[in-house]
Amino acid sequence: MLKTHKNERNGHFARAVQRLKDERRYRVFIDLERDASRFPTALWRPDDGEAPRDVTIWCSNDYLGMGGHPAVRAAATSAADRHGAGAGGTRNISGTHHRIVELEEEVADLHGKEAGLVFTSGWISNLAGISTIASLMPNCLILSDALNHNSMIEGVRRAGCEKQVWRHNDVAHLEELLKAADPSRPKLVVFESLYSMDGDIAPIGQIVDVAERHNAMTYIDEVHAVGMYGARGGGISERDGLAHRIDVIEGTLAKGFGSLGGYIAGDSVVVDAVRSYAPQFIFTTTLPPMVVASACAAIRHLKESQVERDGHQYMASVTKHALEAAGIPVKDNPSHIVPVMIGNAERCKAASDLLLRRHDIYIQPINFPTVAIGTERLRITPTPRHTEAHVSYLVEALVDVWKTLELPFTSARILPLRRKAPVVDCVYPEMRKAAE
Ligand SMILES: *Cc1c(COP(=O)(O)O)cnc(C)c1O
């Protein structure tokens, strides 16, 4: 009897998973063992019993390779030795350790804001930040870019107030919506600086102009730009000299900074309100000192060092250039993201499988719902730890895959390099050598 009930219940889950398989949306994870000294090389354990082997990762969001940076690793290990594994509590109950206090000062300084607040992830910081800020403004209207990340959409949903979606990066549409709204009503404009799937960059200056004209508060997600853009790694808003005109800047510690966690930075009173009201902040244990120390070390390093940013832009430019010259369809953009368009879920998966199994190159296929149907792609993320040798091998492998799967080549274009080669060779040459 009991057994039948259990079978019946499990049937729901089996059918739910089957639906995803039928829609070609079922996700298969690749079992990797990252080796800090050899990044972007990692050990892959195939799920079919084949022997583990080295592959080159070309789709990591550890964009600058900071996860393996010697200073970052040293900060993590020494904090683990001194303070142990965990934080020991929530922020309110014994979990406010000195390392997180330092980190919050560091992120506030990074963006030139009065205060910072750290969460367990960037996803949580958007959920908590957007929902709490909007819900504390009576009758708030949220204006959200159409391509905002899932964490922002969830934040908007949880706020429980009215929302309007403006066409992606369409400032005229945003202004139209702002104009139509009651002028006395509080408004929150939420958007990203750098959209990670197409690699396009928001017209932040124009958005801020429009928001200021209509007395709207601005909230920007700089997740794919912090550490990587701006003279101190403060993101596109720093690069464009606009950070002081944006009310709340949200970022992650898990991508450019190579660690884990997320944050918001803004006026003290806003940060204090989120600290005091957001359940996603209050009722969960603080990030451990070793994680916090590693993030802090990465931020501090990237405030001073330009080498990683230069190497990153250079490798992204070289990769785009080489792929375009070979007739591989790269979607052009002004950032470090290299989207190679396939436009079909099965073929995208097949290309990824071939790259991995035949060429030891790992690039996860990006399918719906992460991107729209018909725009399936391989999203390539070069890092300063990739070398020109890596790039030329990647090009050969992709050409082979294109021929094998009979994917259409574009007519080869030779584009000028956008960036000059950086003067300094790479992040940490001793490790780069090992990778080659
Ligand atoms: C990855 C991502 C997040 C979430 O950050 P995590 O630290 O990985 O939780 C938020 N916003 C955008 C745009 C992202 O791509």
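Remember, it's a predicted structure, so these values are computed and weren't measured experimentally. Ligands are counted one by one from 1 in listed order, and the atoms in each one are counted from 1 as well.
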With sequence neighbours left out, write down each residue that passes side-chain hydrogen bond (donor to acceptor under 3.5 Å, both in side chains) with Arg185, or none if nothing qualifies. Asn139, Glu162

Are side-chain heavy atoms of Pro279 and Arg158 found at a separation under 4.5 Å? yes

Closer than 3.5 angstrom, by distance alone: can the side chain of Asp360 be matched with the main-chain N or O of Thr56 as a donor-acceptor pair? no

If the threshold is 4.0 Å, N to carboxylate O, is there a salt bridge linking Lys349 and Asp353? yes

Those residues with a heavy-atom separation under 4.0 Å from ligand 1 are Ser121, Gly122, Trp123, Asn126, His149, Ser151, Glu192, Asp221, Val223, His224, Thr252, Ala254, Lys255, Gly261

Give a yes-or-no answer on whether the side chains of Arg239 and Ser193 include a donor-acceptor pair shorter than 3.5 Å. no

His97/His83 aromatic ring centres below 6.0 Å: no

